[in-house]
Amino acid sequence: MTVVGNDVVDFRDISPAPERIRRRFVERVCASSERALLDAAHDARAVLWALFAAKEAAFKALSKLGPVPVFAHRRFVVCPDGDWRAPAPHLSGAVEVESRRFTLSVAVTGDFVHALAWLGPAAPDGEVVEDAQAPGAAARRGLLARLGVAGAAVLREPREGTRDGLGPPFVAVDGRRLPVDVSLSHDGRFGAWAMLC
Amino acid sequence: MAQQSEVMGKVVEILRPFVKNQDALEGVSMDTSILKDLRVNSARLVDIVLEIEDAFGIAVSDEQADRVATVGDAVSLILQNEAA
C-alpha cells in the first residue's frame, strides 16, 4: 500500500493567538519529545510548524488506510532523523501513529514549511505553488500539469466522519480513477500537492 | 447554565480574530462551517478550542475537538460540557 499526505504552512498566515494560547497550543499538539526539541531549537517557530505540518500530512495519509481516525495531533509523534535543532532547509524523519510509521520529509524556507508523509518504497513528487487569490486551485492545476494526462480531473467523494464531509482527493479520467495517490493542501498564499505512483 | 444564543454570541467573538473571511461572520449561523465558510485553518481551529476552554472554564477532549466542524458544533460541545 502506498499513500501520501502533504501539508503546507504559510509563515505569513500564522494564527494571531496570544502567547498564553501559543504555550497551550504546544502542549496540546506536541508530544513530550517534541516539546524538548522545541525548547532546544535555534528557530523554534520553524520547528513548531514543521512538526505541525508533519502531523497534518501523516493524518491525511493515515485517513486513506481505514476509517477516519480521531485527529489528536499529540498522538502523531515526529521522530527526527539527524539534528532538527539547527536551522536547515530540509528536515527528514518519520511520523509514528498507532502501529504505523510514515516516512517524513519537510522543506523549510523563509516563507513556508511543506511536509510530505508517506508509506511506500519511493519518495513522492510534490511542489509548493504561490497564488494568494486561489492557492487551492493553483495546487490542483500544478498537480494536473505534472501528471500531464489529457482529460484528468481532481475529484473528491462524500465520506462520513470528515470535517467537510468529503474524502481525500483522487485523479480520474472519464470517471475512471488513475493508479496514483495524491494529496492537496493550501494555507495563506501557498498551495501544495503531492503524488505517489 | 448559559442559553444557546448567549453561548453562540460568545463563540462568534472568540472566532473573530481567527477568521479570514470577516464578511461571513456577519451572516453566521449554527450551520456555518468554521473551516470552509469562515476560512479558518486547522492550526487556528486548535487555538479556537483553547480559547473556548479558557472562556467557558471547560476541558475539551481530543475527541470532542475533532468533531467541531460548524459553529453549532462548538456551541453544542460547550453546552454539553457545562451541563456535565
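Below, read A as the first sequence line, B as the second, and so on, with proteins coming before strands; counting in each chain starts at 1. Here the structure is a predicted model, which is why all the values come from computation and not from measurement.
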Linking I/L/V/M/F/W/Y whenever their side-chain heavy atoms sit closer than 4.5 Å, directly or via other members, would B:Leu15 and A:Ile14 fall into one cluster? no
Around atom CD of A:Glu19, are there more than 12 heavy atoms from other residues, nucleotides or ligands closer than 6.0 Å? yes
Around B:Arg16, counting heavy atoms of other residues, nucleotides and ligands shown, do more than 12 lie under 6.0 Å from its CZ? yes
Between A:Arg24 and B:Asp47 (salt bridge meaning N to carboxylate O under 4.0 Å), is one present in this structure? no
Could you please spell out the steps behind the side-chain contact (heavy atoms from CB on, under 4.5 Å) verdict for A:Arg20 and B:Leu50? CA-CA 10 Å; A:Arg20 67 182 165 80; B:Leu50 295 171; over 6 Å; no
Tightest non-hydrogen contact, residues B:Lys20 and A:Asp187, listed as NZ-OD1, 4.1 Å
Please answer: with hydrophobic residues joined when any side-chain heavy atoms are less than 4.5 Å apart, are A:Met195 and A:Val129 in the same cluster? no
What parts of residues 25-43 of chain B touch chain A if we use heavy atoms and a cut-off under 4.5 Å? B:Leu35, B:Asn41, B:Ser42, B:Ala43
Pairs touching residues 31-42 of chain A that satisfy side chain to side chain donor-acceptor pair (under 3.5 Å), sequence neighbours left out: A:Glu34-A:Lys55
Report whether A:Leu178 and A:Leu155 are members of the same hydrophobic cluster (ILVMFWY, side-chain heavy atoms less than 4.5 Å apart, transitive linking). no
Transitively linked via ILVMFWY side-chain contacts under 4.5 Å: A:Leu48 with A:Phe190? no
A:Leu184 with A:Val8, same ILVMFWY side-chain cluster at under 4.5 Å: no
Which residues, numbered in order, of residues 61-89 of chain A come under 4.5 angstrom of chain B by heavy-atom distance? A:Pro69, A:Val70, A:Phe71, A:Ala72, A:His73, A:Arg74, A:Arg75
For B:Pro17 versus A:Pro16, what's the shortest heavy-atom pair and its separation? O-CG, 3.3 Å
Please classify the contact between A:Val29 and chain B as side chain, backbone, both or neither, with a heavy-atom cut-off of under 4.5 Å. side chain
Measure A:Asp13 against the heavy atoms of chain B and call it side chain, backbone, both or neither at under 4.5 Å. both
For residues 57-71 of chain B, give me every residue with a non-hydrogen atom less than 4.5 Å from any non-hydrogen atom of chain A. B:Val60, B:Ser61, B:Asp62, B:Glu63, B:Ala65, B:Asp66, B:Val68, B:Ala69
